[in-house]
Undergrad: 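Got a structure for you, written out below as structure tokens; questions coming shortly.
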Number of protein chains: 2
Amino acid sequence: MRRDVFQAIADPTRRAIILLIASQAMTPNAIAEHFNTTRQAVSKHLRILAECQLVTQEQTGREIYYQLNGDKMKEIDKWLDQFRKIWESRFNELDKILLTLKNDKK
Amino acid sequence: MRRDVFQAIADPTRRAIILLIASQAMTPNAIAEHFNTTRQAVSKHLRILAECQLVTQEQTGREIYYQLNGDKMKEIDKWLDQFRKIWESRFNELDKILLTLKNDKK
DNA sequence: TATATTTGCAACCGAACGGTTTCGAAAACT
DNA sequence: AGTTTTCGAAACCGTTCGGTTGCAAATATA
């Protein structure tokens, strides 16, 4: 299937699901109550989220609790890190210019 | 069109383009040289990236330089912030437990 | 045991996606 | 002026996506 985290968070419904279960594990039925779609559609989204390990399942009886996997969320954060360095270096360059202007004033 | 940042970064080629032009603005032809697709395919990706304002264009003559818009990248960072708070609070709870255990030891 | 609930899975459908090919417009070069 | 280069836009094609409907399996309840 080759699902990755970035494709998983591309869909707004899936992002809403992630936000919903971030603070508390929930069952598919409970999650589906928050959306205007069928339970099966939510189940499909959960399957995609599980495939890329963004959520983990925990079965108790016939109920399955879905929980957010924070570590996988950090993968996105890690990807953003590449650009933070660039932003930072750009800011430093701007900083140098501002410092130069300051020194020129004196 | 309804393009948003999350859909834009869902495609691996687009993420590669973003990384490529992050440090230096480039023309579509120059970008296309880095991929095994046609220039038109890259142009399509650039259009999508431009639609959600992840990249900005700057025309000089017949060449168009595409540049990454860092502010828009921060939108992703902002979205992640919601979860950082949750991670943090979870850590704090764990921290409390650990502290309690420590105190019990004494 | 019979019935209701919770869930995943398969089939189907219209829309969107990613790609190529083709074309036209504008700028640069000879 | 004629040619080359750079680029976006349109048409087309196969695949994937998000959704619904229907069904089967497993657990709980009467």
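Chain naming here is simple, since letters A, B, ... match the order of the sequence lines and numbering starts at 1 in each.
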Undergrad: Nearest whole angstrom, please: distance from the C1' of C:dC17 to the CD1 of B:Ile9.
TA: 17 Å

Undergrad: Please give, in whole Å, the distance from D:dG19 P to A:Arg14 CZ?
TA: 8 Å

Undergrad: Per the atom types in the model, does the base of D:dG22 pair as donor or acceptor with the side chain of A:Gln40 at under 3.5 Å?
TA: yes

Undergrad: The side chain of B:Arg47 is closest to which nucleotide in this list: D:dG19, D:dC7, D:dA9?
TA: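 It is D:dA9.
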
Undergrad: Measure CD1/A:Ile64 against P/C:dC9 and give the value in whole Å, please.
TA: 9 Å

Undergrad: For A:Met26 and C:dT7, what is the distance between atoms CE and C1' respectively, to the nearest whole Å?
TA: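 Atom CE in A:Met26 sits about 15 Å away from atom C1' in C:dT7.
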
Undergrad: Using whole Å, report how far CZ of A:Arg3 lies from P of D:dT15.
TA: 16 Å

Undergrad: Starting at atom CD1 of B:Ile17, determine the distance to atom C1' of C:dG19, rounded to an integer number of angstrom.
TA: 13 Å

Undergrad: Between D:dG18, C:dT6, D:dC7, spot the one nearest the side chain of A:Glu63, thanks.
TA: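 For the A:Glu63 side chain, the nearest candidate turns out to be C:dT6.
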
Undergrad: Does C:dT7 have OP1 or OP2 sitting under 4.0 Å from an N or O in the side chain of A:Asn29?
TA: yes

Undergrad: For a side chain to side chain donor-acceptor pair (under 3.5 Å) with B:Asp81, tell me which candidate from B:Lys78, B:Arg84, B:Lys85 qualifies.
TA: B:Arg84

Undergrad: Donor-acceptor check, side chain of A:Gln59 to backbone of A:Gly61, threshold 3.5 angstrom: yes or no?
TA: yes

Undergrad: Look at the side chain of A:Pro28 and decide which nucleotide, out of D:dC7, D:dT16, C:dG8, has an atom nearest to it.
TA: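 Looking only at heavy atoms from C-beta outward on A:Pro28, the closest nucleotide is C:dG8.
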
Undergrad: Can you check the B:His45 NE2 to C:dC17 P distance for me, whole Å?
TA: 12 Å

Undergrad: Whether the side chain of A:Arg62 and the base of D:dT27 hold a donor-acceptor pair under 3.5 Å is what I'd like checked.
TA: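 Between D:dT27 and A:Arg62, which were checked side chain against base, a qualifying N/O pair under 3.5 Å is present.
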
Undergrad: When you check the phosphate oxygens OP1 and OP2 of D:dG8, does a side-chain N or O of B:Ser43 lie under 4.0 Å from one of them?
TA: yes

Undergrad: Rounded to whole Å, how long is the line connecting atom CD of B:Gln59 with atom P of D:dT6?
TA: 14 Å

Undergrad: Mapping A:Thr60 and A:Thr13 to their closest nucleotides on DNA chain D, which lands nearer the 5' end?
TA: A:Thr13

Undergrad: For A:Gln7 and D:dC17, is the shortest distance between a side-chain N/O and OP1 or OP2 below 4.0 Å?
TA: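 Indeed, a polar side-chain atom of A:Gln7 lies that close.
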
Undergrad: Among residues 31-39 of chain A, which contact DNA chain C at a heavy-atom distance under 4.0 Å?
TA: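 DNA chain C contact set from residues 31-39 of chain A: A:Arg39.
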
Undergrad: Treating A:Arg15 as the side-chain partner and A:Ile9 as the backbone partner, does any N or O pair qualify as donor plus acceptor under 3.5 Å?
TA: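 Answer holds: yes.
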
Undergrad: Looking at D:dG8, C:dG8, C:dG18, which one has an atom nearest to any side-chain atom of B:Asp11?
TA: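 Of the candidates, C:dG18 comes closest.
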
Undergrad: Can you tell if the side chain of B:Ile76 reaches within under 4.5 Å of the side chain of B:Val5, non-hydrogen atoms only?
TA: yes

Undergrad: Start at the 5' end of DNA chain D and walk down; is the nucleotide closest to A:Lys44 or to B:Lys44 reached first?
TA: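 Nearer the 5' end of the strand: B:Lys44.
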
Undergrad: Name the residue from B:Met26, B:Gln24, B:Met73 that meets the side-chain contact (heavy atoms from CB on, under 4.5 Å) definition with B:Leu68.
TA: B:Met73

Undergrad: Counting only side-chain nitrogens and oxygens, does B:Tyr65 get under 4.0 Å of the OP1 or OP2 atom of D:dT6?
TA: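 So the side chain of B:Tyr65 is outside the cut-off, no N or O lying under 4.0 Å from OP1 or OP2 of D:dT6.
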
Undergrad: Salt-bridge test for A:Asp77 and A:Lys72: reply yes if a basic N is under 4.0 Å from a carboxylate O, no otherwise.
TA: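 A:Lys72 and A:Asp77: not salt-bridged.
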
Undergrad: Can you confirm whether B:Thr56 sits close enough to B:Tyr66 that some side-chain heavy atom of one is under 4.5 Å from a side-chain heavy atom of the other?
TA: no

Undergrad: Which atom names give the shortest non-hydrogen contact between A:Leu54 and A:Ala8, and what distance separates them?
TA: CD1-CB, 3.8 Å

